[in-house]
Amino acid sequence: MQKASEEQVLQVLVELRNWVRAAAHGQVRVALEAALPDAKSRMAYQMFDGTATVAQIRIACKMSPNAVVALGNHCASLGLMGINADRKRVRLFDLNDFGLGVTGEDGNTEADE
């Protein structure tokens, strides 16, 4: 009996998540565009997946360590990033879901690769 109740609660939570996701899509996109105005910052944000180090992000995006840390702190303060169990910054949104994916030199977005 309790398992059925847990499944019902899960269904309601999934439905709520979907409604919130749809309702907030435009606002999140505006927040991402404001916080990540250029390709370099968008590429760095996208790399904050909880596995990449600041050094890896810095080298890949050709940014200073201070700029990478500042970007992470700024995004976290705006609610665009969280911290995982390993105390690493993790982006909360995939830029490709908002049409903000970074285009590489070959013209492909990160999702295309």
Side-chain angles (χ1 to χ4, degrees):
M1 184 71 169
Q2 185 175 356
K3 186 168 181 142
S5 177
E6 289 175 358
E7 288 178 12
Q8 289 174 334
V9 169
L10 181 60
Q11 282 181 321
V12 169
L13 289 174
V14 169
E15 189 171 336
L16 283 171
R17 181 201 63 194
N18 291 341
W19 278 101
V20 169
R21 182 180 290 171
H25 187 274
Q27 294 171 332
V28 171
R29 180 184 167 95
V30 169
L32 287 168
E33 286 175 327
L36 309 167
D38 54 43
K40 191 181 285 190
S41 62
R42 290 179 184 182
M43 184 175 170
Y45 177 84
Q46 196 70 6
M47 288 186 71
F48 274 107
D49 59 0
T51 60
T53 64
V54 169
Q56 291 170 325
I57 295 170
R58 178 188 68 77
I59 292 168
C61 299
K62 299 177 183 169
M63 296 171 71
S64 75
N66 291 341
V68 173
V69 171
L71 177 68
N73 290 338
H74 181 65
C75 288
S77 71
L78 294 173
L80 301 173
M81 232 179 243
I83 297 177
N84 68 10
D86 296 331
R87 302 191 45 80
K88 289 187 175 183
R89 297 266 185 216
V90 181
R91 62 179 161 78
L92 297 180
F93 304 99
D94 185 339
L95 295 178
N96 295 311
D97 292 343
F98 296 90
L100 300 173
V102 178
T103 304
E105 293 176 7
D106 57 359
N108 294 330
T109 62
E110 187 176 291
D112 296 335
E113 298 174 19

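Since the model is a prediction, treat every value here as computed from it, not as a measurement. By convention here, the first residue in the shown sequence is residue 1.
Listed here is the closest heavy atom pair of L36 and C75: CD2-SG, 4.0 Å. Residues P37 and A35 approach most closely at CD-O, 3.3 Å, considering heavy atoms. Taking every heavy atom of both residues into account, A60 and M43 meet most closely at O-CE, 3.5 Å.
Contacts of D49 classified as side chain to side chain donor-acceptor pair (under 3.5 Å), with partners at least two apart in sequence or in another chain: T51. Considering only residues two or more places apart in sequence or on other chains, H74 meets the ring-ring contact (aromatic ring centres under 6.0 Å, His included) condition with none of them.
Tracing side-chain contacts under 4.5 Å through hydrophobic residues (I, L, V, M, F, W, Y), one never reaches V90 starting from V28; they form parts of separate clusters.
In this structure, the separation between CG on L92 and CG on L78 is 11.0 Å, given to the nearest 0.5 Å. Atom CD1 of I83 sits about 12.5 Å away from atom NZ of K88, to the nearest 0.5 Å. Separation of atoms CD (Q46) and CG (L95) is listed at 4.5 Å; rounding is to 0.5 Å. Taking CG of L71 as the start and CG of N66 as the end, the distance is 12.5 Å to the nearest 0.5 Å.
Pairs engaging residues 16-25 under the side chain to side chain donor-acceptor pair (under 3.5 Å) rule: none recorded [sequence neighbours left out]. Within the structure, every pair that satisfies the side chain to side chain donor-acceptor pair (under 3.5 Å) test and touches residues 26-42, not counting sequence neighbours, is listed here: R29-E33, D38-S41.
Cluster partners of L13, by chain and number: V9. The rule joins Ile, Leu, Val, Met, Phe, Trp and Tyr whenever side-chain heavy atoms lie under 4.5 Å apart. Taking a 4.5 Å side-chain heavy-atom cut-off between Ile, Leu, Val, Met, Phe, Trp and Tyr, the cluster of L16 extends to V12.
One N or O on the side chain of Y45 and one on the backbone of L80 form a donor-acceptor pair closer than 3.5 Å.
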